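Just so it is clear, the model here is predicted, and its values are computed rather than measured. Side chains included, hydrogens not; waters and symmetry mates left out as well; all remaining heavy atoms used. Residue numbering restarts at 1 for every chain, and letters A, B, ... go by the order of the sequence lines.
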Amino acid sequence: MNFFRYSSIEDVIEQLIDEGYLEPEDIDAVTHVLATSPEPESPAPWFVQVLIGLGAWLAAVFCLLSFAIVMGSSIQPAGAIFFGLMLSLMALAVKYSQPSDFLRGQFALVLALMGQIQAIVGFGGATESVTATLWATIILEAILLVAYPGLVQRFISAALIIGALYWLILLGPLTWALHLLATVLAALTVALWVRAPFLGDSTTQRGINQTLSYALPTGMFGGLLLPVLELHLRWVAGSEWTTANFDKPLIASAGLFILALWLIQEILERYHLAGRDRLVRLLGGGTFLIAVATVQTPGILAALLVLTIGFWRNDTVLMGLALAFMTTFIGVFYYNLQTTLLVKSYILLTTGGMLVGLWYLVFQRRQVIKEK
Amino acid sequence: MPKRNPLQRRASLPRLNALVEARVLSQDAWERACQIAGHTPREQAWLKFISRTILTLGVVFILVGIGFFSAYNWVEPHRFVVFGGIQVALLALVGFVYYWGIDALLGRLALLAASVLVGVLLVVISQEYQTGADDYQLFATWALLMLAWVLVGQWGPLWLFWLVVVNIALSLYGDQIVGSNCDAGIYLAAIVLNSAALAVWERGRSREIEWLQARWIPNLVGTAILVLATVVSIQWLTFDGYYDWQSESYQSSRYFALNLAPFVYLGVLGGVIYGYYLWKQDLYMLAVGGFSVIVMTAAVIFSWAADFDYDSEFGIMTLACLAGIAIIVETGVLATALVHLHRHWEDDE
């Protein structure tokens with residue numbers, strides 16, 4: 001997806017001056033910044049980051065196996081916590097010694113993963129309390145999120161914090177708060193991406209913002225997927241789980257609907273799109289249709305929200321994430337037990353027909369899009 | 001050589017971000033600068049996106065709704081009502097394709113929907129008339145019936161859908177006919193099939209055929225090929241004999257298809273290097289190929305464990321440590337090489 005046309009900085013600045021965003025005197029400041037700033041290097045593509053993460057996990061598993069064999073049953077929980085924290089500190093030291101070196105970074109990441117696993121498992125063994133272990137995980141990962149200067153580890157830290165929060169909710173009496181957390185994550189995702197670029201007063205802040213921009217939507221999708229995994233969770237947590245544990249998906253659906261309306265309004269205002277009122281009615285109506293049809297599976301609306309943000313910011317990774325989860329949520333709609341297959345088919349057929357009809361009325365009849 | 005005027009440089013996103021960080025551009029000015037430079041979509045692109053999303057989602061909902069409806073296994077309506085309903089829908093969709101044309105998105109979606117309905121119709125027929133046919137025959141027939149539309153449609157997603165149906169047919173054939181005695185044979189057949197499909201796509205892409213320019217489809221197929229090649233090679237490495245149902249005896253030596261696995265794996269790797277490093281530039285495929293090598297290294301190290309006494313903890317510990325270190329080094333070297341290649345290719349563009 002490429003909207004890019006070759007524009008020089010000069011072309012862009014001149015147009016900004018014409019439109020009143022800049023003063024003519026600002027050209028000197030622009031020239032000074034570009035002349036003195038180091039030429040930015042293009043970052044590693046997303047799949048290289050994924051490769052690094054997967055390789056680190058694989059290596060950590062083997063190294064931990066080796067460590068477990070060496071220590072055998074002699075290691076105590078306190079010892080595991082101590083070794084885990086020491087390994088994490090070593091990882092920080094190795095990473096800070098040469099942050100941009102991939103080989104050293106890979107070694108540091110493996111040490112960090114080994115350290116986290118040992119510390120968390122050790123804490124679990126020492127306290128024999130799931131709740132206490134989850135809180136310890138959140139604290140440890142929050143420290144690593146701030147301190148460790150690497151995208152992959154920060155992503156893992158953010159994902160573990162979000163996962164621990166979901167687990168804490170599921171252990172408590174207010175399990176419907178799961179949907180609330182997913183909605184909060186959606187709101188934070190929108191807020192972060194709308195305020196792009198991911199600025200901060202320091203490199204650390206920028207790095208954290210950049211990590212959260214992908215970790216928050218991933219965590220949101222994970223939370224919305226949990227009710228579908230209900231049967232598996234029942235096996236893990238025992239026979240006390242029932243479908244009632246995941247009721248009130250309306251919370252997430254309503255929250256996501258409001259967010260979607262806000263995002264539509266925001267985009268239309270920023271872009272000064274022609275025929276705004278008609279578009280607001282169309283998009284609001286279409287979003288309402290989708291929200292009502294998929295009220296039991298709010299993940300579909302969440303995926304649409306993230307897809308729109310990804311398109312706006314020209315981020316193919318975000319769009320790919322949204323499309324992958326949208327496909328998953330449409331597929332798992334089949335397994336939703338709140339309504340029969342026949343009713344679900346009627347809902348989908350009716351909604352689908354109305355969306356196609358809406359499209360025809362607005363885009364085809366009114367020739368809104370000028371074909372080149 | 002005179003220094004280039006900074007203002008003449010390309011208005012890339014990192015440069016615009018640097019201006020915001022230096023407080024030269026405000027948030028609103030940055031937003032507008034991104035629109036001017038094309039880093040964010042303009043009005044017509046937005047309208048197209050909204051149009052396509054609403055249309056595609058509507059069609060997908062309708063298709064899935066039809067799938068749910070047929071899966072409901074409703075016994076009350078007469079079979080002619082069910083058959084008639086699906087066939088009328090099929091005819092209507094073909095009519096849409098003719099009316100809108102295969103160049104329009106609606107026409108293409110209608111063709112995809114019609115292709116899906118062919119499968120739904122075959123499923124309903126097999127439910128209604130218990131002919132005793134195997135499942136693989138259903139999918140093979142579906143793929144055959146769809147083929148003409150795929151060739152005429154000239155649309156990537158439709159082509160991918162057809163390839164998925166063919167692969168399902170092959171997999172079911174392996175399950176139902178060949179059985180577990182020759183898993184590797186089915187894997188190798190799938191590798192050959194998908195490699196041929198990929199080769200056709202890439203050849204078409206090099207000839208600048210418009211509908212074959214998308215990268216995500218061949219990348220997906222390439223990933224599947226590498227996964228299959230890796231899995232069957234690991235099977236070869238960890239082979240420990242199998243029970244032959246035909247001769248009703250335990251066989252300790254590898255069968256012919258399994259013996260081909262390492263050669264096929266090397267062939268696939270060679271193809272990835274030739275195709276995506278020497279011929280075309282595709283960093284993603286090189287990354288997946290590299291990760292496959294990392295996984296195979298770990299598998300090779302652990303296949304040596306077969307020669308160790310399992311009571312020897314020292315042996316297993318050494319192997320685990322060796323595997324961990326090998327993976328760290330390989331991943332670090334691979335990541336460095338890929339990033340270097342990425343920047344080198346970007347500079348060339």
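- Here the CH2-OH distance, from W46(A) to Y284(B), works out to 5.5 Å after rounding to the nearest 0.5 Å.
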L54(A) and T331(B): CA distance, side-chain angles, deciding distance, side-chain contact (heavy atoms from CB on, under 4.5 Å) verdict: CA-CA 9 Å; L54(A) 288 175; T331(B) 313; over 6 Å; no
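- For chain B, the nearby part of E19(A) is the side chain; its heavy atoms alone come within less than 4.5 Å.
- Proximity to chain B (any heavy atom under 4.5 Å) is shown, for L51(A), by both the backbone and the side chain.
- Taking each heavy atom of C63(A) and G324(B) in turn, the nearest pair found is SG-CA, 3.9 Å.
- Between chain B and the residues G352(A), G357(A), A60(A), G55(A), the largest count of heavy-atom pairs under 4.5 Å involves G352(A).
- The shortest heavy-atom contact between I327(B) and A59(A) is CG2-CB, 3.8 Å.
- Across all their heavy atoms, V33(A) and A18(B) have their closest contact at CG1-O, 4.0 Å.
- Contacts between V30(A) and chain B at a heavy-atom distance below 4.5 Å involve backbone atoms as well as side-chain atoms.
- When heavy atoms are compared at a cutoff of 4.5 Å, M354(A) does not approach chain B at all.
- Within the model, atoms CD of Q106(A) and CD1 of I328(B) stand 7.0 Å from one another, a figure rounded to the nearest 0.5 Å.
- In this structure, W100(B) and W359(A) have perpendicular ring planes: the angle between them is above 60°, well past the 30° mark.
- In this structure, the separation between CD1 on I27(A) and CG on L7(B) is 7.0 Å, given to the nearest 0.5 Å.
- Atom CZ of F107(A) sits in a sparse spot, with 12 or fewer heavy atoms from other residues, nucleotides or ligands closer than 6.0 Å.
- Here V64(B) is the residue among V295(B), V64(B), I294(B) with the most heavy-atom pairs under 4.5 Å with chain A.
- Annotation: Y277(B), atom OH; neighbour count of heavy atoms from other residues, nucleotides and ligands within 6.0 Å does not exceed 12.
- In this structure, the portion of L338(B) lying under 4.5 Å from any heavy atom of chain A is its side chain and not its backbone.
- Looking at A33(B), the atoms closer than 4.5 Å to chain A (heavy atoms on both sides) sit in the backbone and in the side chain alike.
- Only the side chain of T53(B) comes within contact range of chain A, judged by heavy atoms closer than 4.5 Å.
- If you tally non-hydrogen atom pairs under 4.5 Å between each of L283(B), D28(B), V333(B) and chain A, the highest count goes to L283(B).
- Residues E10(A) and R15(B) are not paired through a salt bridge, judged by the lack of any N-O separation under 4.0 Å between the basic side chain and the carboxylate.
- With a threshold of 4.5 angstrom between heavy atoms, T294(A) approaches chain B through side-chain atoms but not through N, CA, C or O.
- The two residues A11(B) and V12(A) come nearest to each other via the heavy atoms CB-CG2, 3.7 Å.
- In this structure, no portion of L63(B) lies under 4.5 Å from any heavy atom of chain A.
- Chosen from L58(A), I13(A), D26(A), the residue pairing most often with chain B at heavy-atom distances under 4.5 Å is L58(A).
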Between T308(A) and F49(B), is a side-chain contact (heavy atoms from CB on, under 4.5 Å) present by the stated rule, with each step listed? CA-CA 9 Å; T308(A) 306; F49(B) 169 76; 4.1 Å; yes
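- Of the possible polar contacts, one joining the R9(B) side chain to the L34(A) backbone as a donor-acceptor pair under 3.5 Å is found.
- Of all non-hydrogen atoms in G58(B) and L355(A), the two that sit nearest each other are CA-CB, 3.9 Å.
- Between the side chains of W312(A) and T40(B), not a single donor N or O lies within less than 3.5 Å of an accepting N or O.
- Across A29(B) and L16(A), no two heavy atoms sit closer than the pair O-CD2, 3.8 Å.
- Using a 4.5 Å cut-off between heavy atoms, L109(A) does not touch chain B at all.
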Would you please test E21(B) and R206(A) for side-chain contact (heavy atoms from CB on, under 4.5 Å) and show each step? CA-CA 11 Å; E21(B) 286 177 23; R206(A) 281 194 290 276; 3.6 Å; yes
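- Within the 4.5 angstrom heavy-atom criterion, no atom of V288(B) approaches chain A.
- Atom-to-atom distance recorded for I54(B):CD1 and Y360(A):OH is 16.0 Å, nearest 0.5 angstrom.
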Can you check side-chain contact (heavy atoms from CB on, under 4.5 Å) on L304(A) and L57(B), steps first, answer last? CA-CA 10 Å; L304(A) 263 181; L57(B) 202 60; 3.6 Å; yes
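- In this structure, chain A has no heavy atom under 4.5 Å from any part of S26(B).
- Proximity to chain A is limited to the side chain of Q35(B), based on heavy atoms less than 4.5 angstrom apart.
- How far CZ of F311(A) is from CH2 of W46(B): 6.0 Å, rounded to the nearest 0.5 Å.
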